[in-house]
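Taking it in order: structure first as structure tokens, then the write-up.
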Amino acid sequence: MTTEELRESLLSAPKNGYARLRDGQREEMEAYCKGYAAFMDACKTEREATAWASAMAEQNGFVPAKPGMTVKPGDKVYLNNRGKNILLAVVGSESLRNGANICAAHVDSPRMDLKPNPLYEDSEIAYFKTHYYGGIKKYQWPTVPLALHGVVCRKDGSTVTITIGEDENDPILVVSDLLVHLSGDQMKKSLAEGITGEQLNVILGSEPLEGEGSDLVKLHIMKLLNEKYGIVEADFHSAELTIVPAGKCREVGLDRSLLGAYGHDDRVCAYAEIEPLLRLGTPKHTAVCVLADKEEIGSVGISGMQSQVFEYFMGILCDAQGVDLRECFANSFCLSADVSNAFDPNFAETCDKRNNSQLNYGVAICKYTGSRGKGGASDASAEAMSHVRTTLDNAGVVWQIATLGKVDQGGGGTVAAYMANRNIVTVDAGVPVLCMHAPLELVSKLDCYMTMKACEAIYLA
Ligand code: MN
Ligand code: MN
């Protein structure tokens, strides 16, 4: 053999995904990404994503899962978990005894939640106090357009949904930063300390009501909220209101190859999971799609991936077939669909380029996450990686290998560990993201499309 032939047969030389697109895939990719962008515009919180997914499920013939229900191959069922997260399944032709093929993503994203007593006035400006949710670089959030999303449960038990800042006729909200002219001290602080959590106060207004007494600006804001939503200050105690970046998902770059939006992590994988599931025929193994909440704060709580709601949902399906849930789990496979960090040449020193995902090289498969000695990782086995590699190759999916940055630089986790804890073989995979957790995150259209193809291939495996 010549050196060239040896190189060809022995070494791997990944190619940019654009060189690997097949006929017709370019158009499919653009159409898919249009749908994704519309999903992103409609869904900025886990509640909104859950409501969207529920409506789509209903439209596509899914029925609510109920204990004692019967199911047959091809049946479509879903469980809306208290409006906060959702699980969907298409029943396979084989028994659940042989396991399910699961894709699990999360639909919560880093943001600023209102405190239970949020509204106050200082120096005749009205504000909301916030407590940030998930890992954010606090200095990124002042002076960007913000919107208010969420629900308030009023004293009479009724719930009102609030969205302010997304319609072009709406006002936006904002957190202030200090003018550079007086930033002598601030600029000497570290990026972690330049803006503190207690400074993430959101400006609501400045016009006082006519009259005597204190807090006339605050009273004005409360009057406006009361007129529009019928709420009083005490109703904030039973509310979930959150501040997110305002605006729509936009094409980025002169070639329009990228998408910029708030919260690609992890709605880009959530959409990649649910889009193919909604149009799936009858798979061999039951296909399950999980859109989880609370991943950004540890997958905790009743709507997080550690919740027993997953056992509840899968138990309903297993009971319908007389299958032991434990046996189902033991034979199941889970793709933990979550984003990875795309290599950023501006910060090359933080990554091992040989093992980092790169924009446009396809869905990024991550053997392990964690940090410092794989701490907290769900380290997929060689056999599990082989299963994914073969499945994606057979389906013609463009994929790449990923790790999360240099050893000892930092790290992170996903829902993978909580699926693996259930005795389910699990591998992490997802879309590479630039500026993850920033108010505006970037992904490549090609990687979005290939992640959807990967989820489809896993469902059909
Ligand atoms: Mn994530
Ligand atoms: Mn995240």
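Order of listing sets the numbers, starting from 1, for every ligand and every atom in it.
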What I want to check is whether the side chains of Ser444 and Ser257 have a donor and an acceptor closer together than 3.5 Å.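 There is no such pair between these side chains.
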**Prompt:** Excluding waters, which protein N, O or S atoms are within less than 2.8 Å of the Mn ion (ligand 2)?
**Reply:**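 Listed by chain and number, the atoms are Asp265 OD2, Glu296 OE1, Glu296 OE2, His437 NE2.
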SB check [X] [Y] (cutoff 4.0 Å):
{"X": "Asp113", "Y": "Arg111", "answer": "yes"}
{"X": "Lys76", "Y": "Glu58", "answer": "no"}
{"X": "Arg267", "Y": "Glu441", "answer": "no"}

Problem set entry | Short side-chain to backbone donor-acceptor contact, Thr163 and His149, under 3.5 Å |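 No, the answer is negative, given that no donor and acceptor are paired below the 3.5 Å cut-off.
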Would you tabulate the side-chain donor-acceptor contacts of residues 366-376 under 3.5 Å, counting partners in other chains and residues two or more places apart, or write 'none'?
| residue | atom | partner | partner atom | Å |
| --- | --- | --- | --- | --- |
| Lys367 | NZ | Asp379 | OD1 | 2.8 |
| Lys367 | NZ | Ala380 | O | 2.7 |
| Lys374 | NZ | Asp379 | OD2 | 2.8 |

